[in-house]
Amino acid sequence: DEHNELKWSRAAAEEAEEVASIKCSGHGRASLDGLPIEGKPVCQCNSCYSGDDCSVFLPNCAVDSGSGNPLFLEPYWMKNAASSAMVVSGWHRMGYEYEDGSFISRELEKVIRRLHEVVGNANTKGKYILYGAGSTQLLNAAIVGLSPAPPQNFTGNHSFSPANVVASIPFYQVYKQQTDIYNSLSFKWKGDASLWKNNSDSTENFIEFVTSPNNPDGRMMEPVLKGSSAKTIYDYAYYWPHYTGISAPVDTDLMIFTISKLTGHAGSRFGWAFVKDRALYERMENYLDVNSIGSSHDTQLRALVLLKSVLKDKARGLFEFGHGAMRKRWVMLNKSVSKSNRFSLQKLRPRYCSFFKKVTYPSPAYGWLKCERKEDQDCPAVLRAAGVMGRNGSVFHASNKYVRVSLIRSQDDFDLLLRKMDALVSQE
Ligand SMILES: Cc1ncc(COP(=O)(O)O)c(C=O)c1O
């Protein structure tokens with residue numbers, strides 16, 4: 001009996017299955033590292049549900065449609081419980097380095113490259129790979145890597161110009177937050193990319209973030225700034241078949257990806273970058289070494305297990321589930337909003353998807369909702385009054401005529417969002 005041959009993993013496996021079997025009425029989840037009550041794991045309920053078993057619905061509760069917590073993928077992983085489970089020994093990879101002295105699991109690298117090949121979303125050939133704590137850490141590694149180092153003994157009298165960091169409004173706010181918080185001599189935040197389009201000062205260097213598909217509005221983006229003084233950081237967090245048709249493999253010099261929006265494991269903090277240029281790769285690698293001595297080995301093992309599970313059916317199951325869920329939510333939200341003259345949503349086009357081998361219809365991660373009435377200058381307040389907590393347009397440096405509503409959260413959150421939007425629209 002194979003089961004009897006297990007020496008040390010059985011108790012842990014039993015404990016893991018026991019906690020995972022707590023149903024929380026389908027409106028929450030329990031985990032071993034949640035705060036227990038009387039020694040027993042406790043349900044953490046989805047928003048607007050409460051009670052020991054999350055069975056109590058709170059009818060007047062506002063829906064949280066704010067953050068991009070990718071819980072829509074949870075049911076997929078529950079269906080693929082066996083192939084996505086992992087067992088870790090107490091002495092798994094305790095040291096800092098892998099066999100080759102790097103902080104990179106080469107087995108995981110193979111699987112990541114294979115995944116891109118299967119999906120057809122990126123050409124990784126001839127490019128170096130780096131891992132980070134989410135893509136967040138890699139975004140900053142990229143800024144540092146692309147910026148000039150200030151001269152030795154910098155006094156401020158030197159004719160030294162920092163790199164100007166820009167993005168197109170509306171943009172993901174972390175780009176600005178990171179650039180500001182490091183307050184470096186080497187780079188400065190300079191706002192909207194289009195302000196610099198006709199800049200003719202050849203001593204100025206630019207670093208442009210290009211997010212494609214874009215967060216918040218799901219548009220496919222191209223750099224605004226071109227030419228030798230402009231460098232581009234491509235953030236492809238959403239360039240997966242869940243969210244857009246994959247028209248062709250991207251093949252840019254600096255491409256950043258993350259499992260957060262791919263498998264939904266945002267809490268594991270794992271992202272990767274493909275870098276064409278050797279010198280840039282070395283500068284980014286040095287940043288990652290100094291900043292964190294590489295990425296967690298436990299997380300790398302988790303990513304390996306998850307991505308191997310995804311590849312078992314050539315990623316069909318994951319993307320059929322993911323695209324299906326996103327498409328359905330987008331159709332339902334549009335149906336609700338289309339009955340309204342007060343609100344509108346961004347328009348997106350169908351695209352040919354080489355992964356699905358057919359034209360696919362829009363399925364963005366977020367709704368970029370606009371209040372159309374002149375008097376509705378504070379769209380977040382209009383939605384708040386109706387019990388919908390989105391993310392203000394101003395967070396993306398756009399106006400508060402806009403609110404981003406997240407479509408990648410739990411089914412409960414989406415169902416509630418739809419219900420509140422239906423009620424709001426029916427008031428017209
Ligand atoms: C455009 C974009 N880039 C990066 C991230 C951060 O992802 P990670 O969890 O990989 O740090 C997000 C998360 O919402 C995002 O929307």
Side-chain angles (χ1 to χ4, degrees), residues 64-73 108 112 115 121-122 129-143 165-179 181 193 207-223 232-240 242-244 250 252 254-274 284 287-288 291-292 294-296 299-300 302-303 306-307 322 326 346 363-368 390-393 395-398 402-410 413:
D64 184 352
S65 297
S67 85
N69 221 11
L71 287 183
F72 79 103
L73 287 162
L108 175 56
I112 290 172
L115 177 70
N121 67 337
I129 196 167
L130 289 166
Y131 299 162
S135 56
T136 299
Q137 190 186 21
L138 295 163
L139 299 173
N140 196 246
I143 303 177
V165 183
V166 298
S168 286
I169 292 173
F171 58 78
Y172 178 52
Q173 70 171 154
V174 168
Y175 305 143
K176 176 179 188 307
Q177 288 177 319
Q178 286 195 341
T179 308
I181 206 169
I207 298 172
E208 180 179 356
F209 278 102
V210 173
T211 319
S212 190
N214 194 34
N215 175 2
D217 57 16
R219 278 179 306 149
M220 300 306 292
M221 302 293 286
E222 294 286 337
T232 315
I233 301 170
Y234 287 90
D235 183 338
Y236 292 126
Y238 301 93
Y239 196 49
W240 298 104
H242 310 310
Y243 311 110
T244 184
V250 290
T252 49
L254 176 45
M255 321 193 279
I256 296 178
F257 292 93
T258 169
I259 61 167
S260 297
K261 310 290 148 98
L262 163 63
T263 68
H265 294 81
S268 297
R269 312 304 306 131
F270 185 76
W272 62 96
F274 283 105
M284 288 177 65
Y287 171 92
L288 294 165
N291 184 265
S292 58
S295 118
S296 160
T299 289
Q300 291 191 40
R302 183 98 195 269
L306 294 168
L307 296 182
M326 287 292 95
Q346 77 268 37
S363 55
Y366 307 103
W368 187 231
R391 191 163 276 183
N392 297 4
V395 168
F396 305 89
H397 288 248
Y402 292 90
V403 175
R404 189 193 79 172
V405 289
S406 178
L407 303 178
I408 59 181
R409 298 171 62 87
S410 68
D413 284 350

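Remember, it's 1-based here, ligands and their atoms both numbered in the order they're listed.
Of all protein heavy atoms, the one closest to atom 5 (C) of ligand 1 is Tyr172 OH, 3.4 Å. Ranking protein heavy atoms by distance to atom 13 (C) of ligand 1, first place goes to Lys261 NZ, 3.0 Å. The single protein non-hydrogen atom nearest to atom 2 (C) of ligand 1 is Asp235 OD2, 3.4 Å, given as residue, atom name and distance. Of all protein heavy atoms, the one lying nearest to atom 4 (C) of ligand 1 is Ser135 OG, 3.3 Å.
For ligand 1, the atoms closer than 4.0 angstrom to any heavy atom of Thr136 are 6 (C), 8 (P), 11 (O). If you number the atoms of ligand 1 from 1 as listed, the ones under 4.0 Å from a heavy atom of Tyr175 come out as 1 (C). For ligand 1, the atoms closer than 4.0 angstrom to any heavy atom of Arg269 are 8 (P), 9 (O), 11 (O). For ligand 1, the atoms closer than 4.0 angstrom to any heavy atom of Thr211 are 1 (C). Close contacts between ligand 1 and Tyr238 involve ligand atoms 1 (C), 14 (O), 15 (C), 16 (O) [criterion: under 4.0 Å to a heavy atom]. Close approach of ligand 1 to Ser260 (heavy-atom distance below 4.0 Å) involves ligand atoms 8 (P), 9 (O), 10 (O).
Under the 30°/60° scheme for interplanar angles, the aromatic rings of Phe270 and Tyr131 are found to stand perpendicular. Using the six-membered ring where Trp is involved, Tyr175 and Phe209 have ring planes that are parallel, under 30° apart on the 30 and 60° scheme.
To the nearest 0.5 Å, atom CD1 of residue Ile408 and atom CG of residue Leu73 are 8.5 Å apart. Rounding to the nearest 0.5 angstrom, the gap separating the CE atom in Met255 from the CD1 atom in Ile233 is 14.0 Å.
Within the 3.5 Å criterion, the main-chain N or O of Met221 finds a donor-acceptor partner in the side chain of Ser212.
Ligand 1 has a nitrogen or oxygen under 3.5 angstrom from a nitrogen or oxygen of Thr258.
Among Tyr366, Phe257, Tyr172, the single residue meeting the ring-ring contact (aromatic ring centres under 6.0 Å, His included) criterion with Tyr238 is Tyr366.
Between the side chains of Ser295 and Arg269, not a single donor N or O lies within less than 3.5 Å of an accepting N or O. One side chain, Tyr236 or Thr252, offers a donor N or O that lies under 3.5 Å from an acceptor on the other.
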